[in-house]
Each structure stands twice: as C-alpha cells, then as structure tokens.
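Written out below as structure tokens is the structure these notes cover.
Note that the structure is a prediction, hence the values are computed from the model and not measured. Hydrogens, waters and symmetry mates are skipped; everything else that's a heavy atom, side chains included, is used.
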Amino acid sequence: MMELRSSLTGRIVLTAVATVILLFLALPIVVILVTSFSNNAFAAFPPQAWTLNWYKALFADGSKWPAALSLSAFVACLSTLFSLIIGVTAATALTRSELPLRSAVYALVLGPLVIPQIVTALGLFLLFEPAAMLGSPIAIALGHTVLASPIAVLILIATLRSIDERLEDAAASMGAGRLTIARRITFPLAAPGMIAAAIFSFITSFDEFYISQFLSSVDTVTLPVQVYNSLTFEIDPSVTAVSALLTAFAVLALGIVALVRWIGSGKQGSLLSVENTAGVANPAGEAV
C-alpha cells in the first residue's frame, strides 16, 4: 500500500514539475502571440485593446517584409537542396560502406554544430569577401548549408540505420544492382527521413541570423536580419506579427514531420511481412 501511494505521489510530482517546465518554456511564445494582436504601438503586454493592424502592415505598400520573406524563402530552398545532396551522400557513405577513418569523417561533418555560429559566419565572410560574393543569395545559401547539412546528415543516418538491411540483401540476392536497390528499396523507405531532413534544413536556413548578417548587403536582407534591423533602428510593432507567423510556421512544419514519419513507419513493416510470407525467390521468379 505504501509503495502504491509512493508511486502515485511520485507520478503526481513528476507531472506537476513537467507541466511547470513546459509552461515556462512556452510562456515567451504565448506572450509574443498575444502581443501581436495588441493595438499598442510599443508592443506592450498585456494588450489594452485588440487589432489586426500589424498583420495588415506586413503586406502594405512600401513594406520591407515581403522582400525579406521572399529572399529568405529562396535562400532556404537552395540551402535545403544543397543540404539534402550532402546529407544523402554523407549518410550513405557512413552507414552503407566501409569508409576509412569513419569516426574522423563523422566528427568533421558534425563540426559546424559545435563551433560558435559567429565564428563560422566570420570565416564565411573572409571567404566570400575577396570573391565579391557578399550579398549574393547563392553565397548566403552556401553559408546556411554549412549549418543545415549536419542536421540533415544526423537525420538521414538515423533513418538509414533504421532500415532493415535484410530487404536490401533480399533484393541483391535476386540480382538487383546497387542503383536498383537504392531506387526501389532504400530511398522509398528513407523518404520520410528525407522529408524530415528537408524540413529541418529549411527551418535552419530560414531562421539563421549570424551568417545572413555577415553575408548580406543593403539590397539582400533576409527576414531574421530585417527583424533585427527593425528592433535596433526603429520601433515597429509588426515584428511581433512576424514572430507569431514564424512560430506558427515552425509548429506546422513539426506537425508535418510527425505526420510523414507516422505514415512512413508502416512501409518497412509491410515490406518485411511480404518478405516473410513470400519465401525465397528462385532465379525463375517462383517462390519456394
């Protein structure tokens, strides 16, 4: 009886502590969301009255936000493409081949995640400045790829390791080549992970500030840099509306990732069940 009561008390305490921590982490987001509907020009909290004017101001004539948003989206798309190419190549090499010095290569790939971002941004500035590429969307996208590609590699390594290699071995035993196995088995099963890697790479690039600040110019200002400029050089309550939209976008992206992974989780199980019930195919294609 005492053990049951102690266990019940422990669960209650753990639930209470977890709830308090989650509320503490979510409180700044809630404040931003509520403040974005305030009619106060100084973004005061709590709001005295409610309005949608700051959302309307984002797309008003002469607003700088649409250009910054479109540039960030374009750069994020390029960075996502580059990150997926690097991620698929590196993850395949690290999980499907006898790569020499694998630990060193793995540490090198993940290095940008432990190096301070401002150091990386300064290094990229010194790299692109002599080439007169400052302000180029390509240069900004390449800079963002340095930070986004390790995340893609981590996700894709976990995805490839979760794929049952018996499926690939079964295809190879039937005469399928490496490209056929990759096209018909590996990549379809890895599709949820690839989509998740693409989404997280896009978010990483879309929200990146330091590299964008070092590599941008007067004519190429990404959304995070525009938010910083609005907070530094002027009082613009539209920043709260932008922050609220970015929060909603992040939540939507995470929801899509969860949905895609849930849908794709049944693919491997269905293929394994087919393999287990179909038997081993002979060269003539008949199950024995």
Side-chain angles (χ1 to χ4, degrees), residues 18-19 21-38 43 45 47 50-60 63-84 87-88 113 137 140-141 144-145 147-156 158-159 190-209 211-212 221-228 230-231 236-267:
T19 302
I21 293 175
L22 291 176
L23 289 176
F24 175 76
L25 294 176
L27 186 59
I29 299 176
V30 174
V31 170
I32 287 294
L33 292 176
V34 173
T35 306
S36 67
F37 296 99
S38 172
F45 181 87
W50 306 91
T51 183
L52 294 174
N53 290 340
W54 311 130
Y55 289 91
K56 297 177 182 178
L58 295 180
F59 304 99
S63 175
K64 298 179 181 179
W65 297 109
L69 176 62
S70 60
L71 177 62
S72 288
F74 176 69
V75 169
C77 288
L78 289 179
S79 179
T80 300
L81 177 62
F82 299 154
S83 298
L84 279 181
V88 170
L113 294 180
I140 300 175
H144 289 181
T145 303
L147 297 181
S149 57
I151 298 176
V153 171
L154 283 176
I155 295 175
L156 290 173
T159 300
M194 295 176 66
I195 294 175
I199 292 176
F200 278 105
S201 298
F202 186 93
I203 294 175
T204 300
S205 174
F206 197 81
D207 293 340
E208 172 55 33
F209 169 73
I211 293 176
S212 300
V221 178
T222 62
L223 191 60
V225 175
Q226 183 60 44
V227 170
Y228 174 80
S230 297
L231 292 174
D236 187 0
S238 299
V239 172
T240 58
V242 173
S243 302
L245 292 177
L246 291 178
T247 301
F249 171 74
V251 172
L252 177 62
L254 293 177
I256 294 175
V257 170
L259 178 62
V260 168
R261 294 184 69 87
W262 177 74
I263 294 176
S265 62
K267 288 185 177 181

So, do [X] and [Y] sit near enough that their side-chain heavy atoms are less than 4.5 Å apart?
X: Val221; Y: Lys64; value: no
X: Ile151; Y: Leu113; value: yes
X: Phe37; Y: Thr51; value: no
X: Phe209; Y: Thr222; value: no
X: Val88; Y: Met194; value: yes
X: Trp65; Y: Val227; value: yes

Point to revise | Results of side-chain contact (heavy atoms from CB on, under 4.5 Å) for Phe74 - residues two or more places apart only | key: Leu78, Pro137
Taking [X] for the side chain and [Y] for the main chain, is one N or O donor matched with an acceptor at less than 3.5 Å?
X: Ser79; Y: Val75; value: no
X: Ser63; Y: Phe59; value: no
X: Ser72; Y: Leu69; value: no
X: Thr145; Y: Phe82; value: no
X: Ser205; Y: Ser201; value: no

Review point. Among all residues two or more places apart in sequence or in another chain, which pass the side chain to side chain donor-acceptor pair (under 3.5 Å) test with Thr204?
Key: none
Exercise for review: Provide the closest heavy-atom pair for Pro224 versus Phe206 in the form atom of the first, atom of the second, distance.
Suggested key: CG-O, 3.3 Å
Point to revise | Over all atoms of both residues, closest heavy-atom pair of Val257 and Ala196 | key: CG1-CB, 3.8 Å
Check your understanding: For atom OH of Tyr55, is the number of surrounding heavy atoms from other residues, nucleotides or ligands below 6.0 Å larger than 12?
Key -> yes
**Study point:** Test item: side-chain donor near acceptor, Ser212 and His144, under 3.5 Å
**Key:** yes
